[in-house]
2 protein chains.
Amino acid sequence: MTLDFRHHPAVTLAEVAEAAGVGESTVSRVLRDHGSFSNKTRDRVMEAVERLGYVPNRIAGTLASAGSRLVAFVIPSLSNIVFPDVLRGASTVLEENQHQAVFSVTDYDPEREEALVAAMLAWRPTAVMLAGFEHSERTLKMLRASGCRVVELLDLDGTALDLAVGYSNRAAGRASAEFLLKRGYRRIGYVGHDLDRDTRAGKRFAGLSEALGAAGAPLTDREIHAGGSSVESGRLGLERLLARSRDLDAVYFSNDDMALGGYFHCLAHGISVPSQLAIFGYNGLDIGRVTPQPLSTIRTPRVATGRIAAELVVTNAPPQVVDLGFELVEGATA
Amino acid sequence: MTLDFRHHPAVTLAEVAEAAGVGESTVSRVLRDHGSFSNKTRDRVMEAVERLGYVPNRIAGTLASAGSRLVAFVIPSLSNIVFPDVLRGASTVLEENQHQAVFSVTDYDPEREEALVAAMLAWRPTAVMLAGFEHSERTLKMLRASGCRVVELLDLDGTALDLAVGYSNRAAGRASAEFLLKRGYRRIGYVGHDLDRDTRAGKRFAGLSEALGAAGAPLTDREIHAGGSSVESGRLGLERLLARSRDLDAVYFSNDDMALGGYFHCLAHGISVPSQLAIFGYNGLDIGRVTPQPLSTIRTPRVATGRIAAELVVTNAPPQVVDLGFELVEGATA
DNA sequence: CCAATTTTTGGCAGCGCTACCATTTTTTGT
DNA sequence: ACAAAAAATGGTAGCGCTGCCAAAAATTGG
């Protein structure tokens, strides 16, 4: 019960050429506006294209020439707003430059990443965009052998294969620690999600712990939620953490979602923020600017990351690492 | 300054055949596990594949056979969480079935939609997924002529081209109105974003107004933000609305983002919810369950929409409309 | 007006693969 | 051991397009 019976096989360039009474290469030249042809010919061709409803077949076009103009994104998640933001930044640039975005989601699993990179490479993309620097040996080997551009996103703490665009998570962790210390907090806790899978969150945690340790105020306690990040696990995580360590004066969350959960817990339980407990997040989501007290956090250039990455790819820029930095937002919760 | 000098042109199937000492068709059969071949041959082929680092070229494969196994998403936005959610639901199913997702973003602009659909069709996708039923004449014509499956998502109020998966926005608007009326609210306001562009939000608004009108408690006032939806414009919108109409007892927001903004405005200004002002949203975001008072809203099956849509496509189901319904969440804000 | 350009045009190989068919090899049954 | 059936394998014609080259048509200059 397919619908195929409704349809003629798609119109081909040869049929357009026939209908317009010109050669195939002429049609091809007109459609790509490449090479020379008379106005009269162009009109005839365009008329036939219009009349037959011709849509060029890029599969064939790509095979015959070079460059698929496909950009593959292999991202860990779509729940974490970071990645839709990156896609958003990239997609504008890609569309302006007649590229298409293909994506798949690894769910933070390196094995899936490997399989998905292989599947993506089968499309001979112009570039593959990945999150971070941690990839399996085989993934790296495939990417190197593929000949397509590779962009590693959202991280700077590691060695880039080709292009990298992002900011240092480790430095962000340190900056957060220094801010909290400067404000006088000394008993600092951590509420986060799965650190091993989300290696960037892991690096922030490392930066935080390191800076706190160096200042003689090591992390007091931590509560780690096994799954992904969410507002709910932030709230729950804080509740559990406080049940164990009542005398914390600040909590660093693995990101703003988690931090908002923590903030809501405080609102609901009459814990005064920041006087009783300070809250600090990461990402600088818009929502954090509109909460009754603006969230103290680090704003990351997620959309810009996608945009710059796409720009480097479409301009075929030489290998380089672009540090987009981050901005500490003082907010009112810490 | 490209990197091309690093690379041999990619390994081809012919080279693998040569290296394994078998024919091309044999390699093809082994790799696709289709047709028959001896174990010895399979091992020889796989060894050569491994050794040469061969990655099949799907561009060529698709051209030679049929079915790109590409599914194109032409979505209005990535900022509105609805669409990442749909993509998330679909991508799991697609990956399990060896399909790839391609997407582009229209920014709610029908002309861009038209151009992007054309660009997508050039890849001869298995299916094109679109938001809603409102498309330009030319878009519809192209889709009909393309011969690929078309899935219209997240709406039910209109005529489907082929497949449709979603829920009735109009009914959701009505249900919200009925709930608010049942709770005794009579002076109801609306805060929303651009209704003309987001036609689904427009249909919810229509359903709401209609039901309120029918019950003899027509909408009291409304405040429309010209751009997209956001927490911030929700907050601002409510502030403006209240400045004009002080005696509202409930406000319906075009979605949960907007509603959260409104809720935060109330929290920040000591407006007691719901006794002084009730707040009602749409979408049923997770965050709304964790706010100090759970948000009253309508939970929509966004991820399921993506999942079901993908399932219909990979199983090549006959044309049909799937109503996934929605669920009214009473919450504590209305 | 004619030769020397320049512009416009068409033919066709080939991109890397799969589908189809023919052929060879192996297995089976008697 | 031999014919018949089954399994395994290879050759090759496209899929629809682009790139290259040669040919034809239009333009230019003296």
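Treat the numbers as computed from the prediction; the structure is a model and nothing was measured.
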| Atom CG of A:L13 to atom C1' of D:dG16: distance rounded to whole Å? | 8 Å
| task | Measure from CD on B:E18 to C1' on C:dG16 and round the result to the nearest Å. | result | 16 Å
| said: In whole Å, I'd like the distance from the CD1 atom of B:I59 to the P atom of D:dG14. | reply: 23 Å
| query | Atom CZ of B:R58 and atom C1' of D:dC15: how far apart are they, to the nearest Å? | reply | 16 Å
| request: State which residues pass side chain to side chain donor-acceptor pair (under 3.5 Å) with B:E311; sequence neighbours excluded, sorted by chain then number. | output: none
| Where the side chain of A:F37 is defined as all heavy atoms beyond and including C-beta, which of C:dT9, D:dG16, C:dC17 is the nearest nucleotide? | C:dT9
| message | Considering every strand and a 4.0 Å limit on heavy-atom distances, what is the contact class for B:T12: base, sugar-phosphate, or nothing? | response | sugar-phosphate
| message | I need the full list of salt bridge (Lys or Arg N to Asp or Glu O under 4.0 Å) pairs touching residues 59-82 of chain B, with sequence neighbours left out, sorted by first then second residue. | response | none
| request: Could you check B:L63 against B:S38 and say which one's nearest nucleotide on DNA chain D is further toward the 5' end? | output: B:S38
| query | What's the CD-C1' distance between B:E24 and C:dA22, to the nearest Å? | reply | 17 Å
| message | Between A:D43 and A:K40, does any side-chain N to carboxylate O distance fall below 4.0 Å? | response | no
| request: Tell me, please, which residues at least two apart from B:E50 pass side chain to side chain donor-acceptor pair (under 3.5 Å). | output: A:R138
| Qualifying side-chain hydrogen bond (donor to acceptor under 3.5 Å, both in side chains) pairs, either residue in residues 119-133 of chain B, two or more places apart | none
| field | Carboxylate-amine/guanidinium contact A:R51 A:E47, below 4.0 Å | value | yes
| request: Have a look at A:T41 and say if it touches a base, only the backbone sugar-phosphate, or nothing, with a 4.0 Å heavy-atom cut-off. | output: sugar-phosphate
| message | In this structure, how many angstroms lie between the P atom of C:dC15 and the CD atom of B:E15, rounded? | response | 11 Å
Under-3.5 Å N/O pairs linking protein and nucleotides 25-28 of chain C:
none

| Which of these nucleotides, C:dC17, C:dG14, C:dG10, is closest to any side-chain atom of A:A64? | C:dG14
| field | Contact residues, residues 42-55 of chain A to DNA chain C [heavy atom, < 4.0 Å] | value | none
| field | Partners meeting salt bridge (Lys or Arg N to Asp or Glu O under 4.0 Å) with A:D109 (sequence neighbours left out) | value | none
| request: Would you kindly compare B:T26 and B:S65 by the position of their nearest DNA chain D nucleotide and give the one closer to the 5′ end? | output: B:T26
| B:V314 backbone acceptor or donor facing B:R149 side chain under 3.5 Å | no
| note | For A:S28, the side chain to side chain donor-acceptor pair (under 3.5 Å) test, sequence neighbours excluded, returns A:R32
| request: List for me each residue that meets side chain to side chain donor-acceptor pair (under 3.5 Å) alongside A:T12, sequence neighbours excluded, and say none if there are none. | output: A:E15
| request: Keeping to residues at least two apart or across chains, list the salt bridge (Lys or Arg N to Asp or Glu O under 4.0 Å) pairs with something in residues 150-160 of chain A. | output: A:D155-A:K203
| task | State whether A:R32 places a side-chain N or O below 4.0 Å from either non-bridging phosphate oxygen (OP1 or OP2) of D:dT18. | result | yes
Tabulate atom names and distances for all N/O pairs under 3.5 angstrom spanning the protein and nucleotides 20-29 of chain D.
none

| Residues that A:E24 engages under salt bridge (Lys or Arg N to Asp or Glu O under 4.0 Å), provided they are two or more places apart | none
| task | Could you tell me the separation between the CG atom of B:N57 and the P atom of D:dC15, rounded to a whole number of Å? | result | 18 Å
| query | Rounded to whole angstrom units, what separation is found between the CG atom of B:L31 and the C1' atom of C:dC17? | reply | 11 Å
